Chemist: 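First, the structure itself, so that you have it in front of you.
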2 protein chains.
Amino acid sequence: MKSDRDRSIRLLWEPPAEATRGPKAALSQARVVEAAIKVADAEGVDALTMRRVAETLGNTAMSLYRHVPGKSELLDLMVDAVWAETEHTPKGPWRAGLEFFARQMWAMYRAHPWMLQLTTSRRMPGPHAMTRQDAAYAVVSELGLASEEIVAVVTAVAQFVDGVGRTMADRVQAERETGVSEEDWWNGREALWQHFTPDRLPMMTHLWNSGGFERPLDEFEFGLARLLDGLAVFIEAEERPLVRRETCL
Amino acid sequence: MKSDRDRSIRLLWEPPAEATRGPKAALSQARVVEAAIKVADAEGVDALTMRRVAETLGNTAMSLYRHVPGKSELLDLMVDAVWAETEHTPKGPWRAGLEFFARQMWAMYRAHPWMLQLTTSRRMPGPHAMTRQDAAYAVVSELGLASEEIVAVVTAVAQFVDGVGRTMADRVQAERETGVSEEDWWNGREALWQHFTPDRLPMMTHLWNSGGFERPLDEFEFGLARLLDGLAVFIEAEERPLVRRETCL
DNA sequence: TACACCAGGTGTACGTTGTACACGGTTCTA
DNA sequence: TAGAACCGTGTACAACGTACACCTGGTGTA
């Protein structure tokens, strides 16, 4: 239990020691992680099984366990490897910097939607993810905000991108599973629309009839602009009320 | 495949027909759903297996299949049942109304964190969830916004609550799994903190030393206030640029 | 140079999951 | 009263992560 976590930390933060004895390794931790990422990219998170990853490498499932303690740790390594892919430091004034940070996260999630579908409960923080987060803090560090406020601002942006990304990722997966695009799916559901009567759902039918769902606004662009506007109001305010977390969770 | 979806829709939108023949049913769809919700509330989403639900009802796993087509559909029913628990219509001017909407969702997610952990990919929309969404649209329908804008505003709020809720839900699950609270966990990780050196993560160490992580701001309250501020800027603006979605997903 | 050691990879096996299928008992309808 | 419709059970299977025992091949030390 305890050593479990410590081992995961070492796994992520310390480079794997290379063996001097034994046969030359065909596999390596990096190769396993790389193969797993490829599988997840191409076939989705459901196809990400140890057997499938091993198969793409031409080995058996158990061979992976020589290079990775278990599936959970493999997921940790995959996530941090993706965070490492784009290691640019946002620059500029706070708003441009946060926007850059958000767009980079967004691009990352679009390239690897499975990242948001892994159970994130107590996922181990890796060095590359932390580095990116550190850079984001730096962007808002010169505004005279209190420490808690700096953390809150960056958290808000990151959480926003996570939220939009997750619905995007779910859509991707749904399309892969069913083979039906989002639009076709909604259109094809007469069985569903017949229940959307004006007396039951007046606004939804009205919005539907006036085309509100046909050409939706870009959720990422819309939400990001609103959020940054709201943060601007906060940052430029004379007084900032602080609401601390009271409940435990 | 096709009938699969149509059947799910009927399942959610049409009340289950009651049988006239056969022995009196000890179980019912409502009882199964209720029991499943109790299991998820008490033991988390991982414990939500067909066998476990049946056990709490004093039956075998297969008995559930008389009342529910499968696990996926059971999840759909659980989610909509929770949406039905609080069926109040938000009132007031747009800002108060949206805030009410957000707080109701937040309360719902706090009571049933598992809702956000279910794979939401193409989860079937149920009548109660739709009714609540319709009410939210109504709140912002009198502001002279275009249809797409109304949809975007409500989506932004709902997505925000989803995002904050999901991280909350992950924390709850992690504490259940490991038996260690979030705070204890971070504090106990010398193995982790030893890697947080000022040269590697200058901002994080600085924020840590100045207490930025000790008493974090309430993520829900902070984010909601910022988002509503940003939406106010948008709603009260003379001109509103529209960025439509261009990419497919 | 001999050999003990150790790491890489394989094959087998187990417990857990959702659920297909066949069966036996129960109650209303024709 | 015969039969149809329905309820719940028991058994079984495929897929999953992974523990374990086992060979194999290369290197450091004797």
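Keep in mind that this is a model prediction, so the values were computed, not measured. Just so we're on the same page: letters track the sequence lines, and every chain starts at 1. Excluded from the calculations below are hydrogen atoms, water molecules and symmetry mates; all remaining heavy atoms, backbone and side chain alike, are included.
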Chemist: Taking the side chain as every heavy atom from C-beta outward, state whether A/Asp41 and A/His112 have any atom pair closer than 4.5 Å.
Modeler: yes
Chemist: List the residues meeting salt bridge (charged side-chain N to carboxylate O under 4.0 Å, His left out) with A/Arg31, not counting sequence neighbours, and say none if there are none.
Modeler: none
Chemist: Indicate yes or no for a side-chain donor-acceptor contact from A/Asn59 to the backbone of A/Ala54 under 3.5 Å, with no hydrogens or angles considered.
Modeler: no
Chemist: Please identify the 5'-most and 3'-most nucleotides of DNA chain D with any atom under 4.0 angstrom from a heavy atom of chain B.
Modeler: D/dA4 to D/dA12
Chemist: For B/Ala42, does its backbone N or O pair with a side-chain atom of B/Arg176 as donor and acceptor, under 3.5 Å?
Modeler: yes
Chemist: State whether B/Lys38 and B/Glu43 are salt-bridged, where the test is any N-O pair (Lys NZ or Arg NE/NH1/NH2 against Asp/Glu carboxylate O) under 4.0 Å.
Modeler: no
Chemist: Decide whether A/Arg166 and A/Gln117 meet the rule of one side-chain donor and one side-chain acceptor closer than 3.5 Å.
Modeler: no
Chemist: Please compare B/Gly22 and B/Pro69 by the position of their nearest nucleotide in DNA chain C and report the one closer to 5'.
Modeler: B/Pro69
Chemist: Between A/Arg171 and A/Glu219 (salt bridge meaning N to carboxylate O under 4.0 Å), is one present in this structure?
Modeler: yes
Chemist: If the plane angle is over 60° it's perpendicular, under 30° parallel, otherwise tilted; pick one for B/Trp208 and B/Trp193.
Modeler: tilted
Chemist: With ring centroids as reference points, do A/Phe196 and B/Trp13 lie under 6.0 angstrom apart?
Modeler: yes
Chemist: Would you say A/Thr197 and A/Leu201 make side-chain contact, with heavy atoms under 4.5 Å?
Modeler: no
Chemist: Has B/Asp76 got a side-chain atom pairing as donor or acceptor with B/Pro125's backbone, closer than 3.5 angstrom?
Modeler: no
Chemist: Of all nucleotides in DNA chain C with an atom under 4.0 Å from a non-hydrogen atom of chain A, which is the first and which the last going 5' to 3'?
Modeler: C/dC5 to C/dA13
Chemist: Between A/Arg132 and A/Thr86, is there a side-chain donor-acceptor contact under 3.5 Å, judged purely by atom types and distance?
Modeler: yes
Chemist: Under a 4.0 Å heavy-atom cut-off, which of residues 24-48 of chain B touch DNA chain C?
Modeler: B/Lys24, B/Leu48
Chemist: Closest-nucleotide mapping onto DNA chain C: is B/Lys71 or B/Thr20 further toward the 5' terminus? I mean the 5' end.
Modeler: B/Lys71
Chemist: Taking B/Arg200 for the side chain and A/Thr131 for the main chain, is one N or O donor matched with an acceptor at less than 3.5 Å?
Modeler: no
Chemist: Heavy atom of residues 58-66 of chain A under 4.0 Å from DNA chain D: which residues?
Modeler: A/Met62, A/Tyr65
Chemist: Would you please classify the geometry between the B/Phe213 ring and the A/Tyr137 ring as parallel, tilted or perpendicular, with 30° and 60° separating the classes?
Modeler: perpendicular
Chemist: Of the non-hydrogen atoms in A/Gln173 and A/Asp46, which two are nearest, and what is the gap between them?
Modeler: NE2-OD2, 3.1 Å
Chemist: Let me check the geometry of the helix from C/dT1-D/dA30 to C/dA30-D/dT1. What is the bend angle between the axes at its two ends, five pairs each, to 10°?
Modeler: 20°
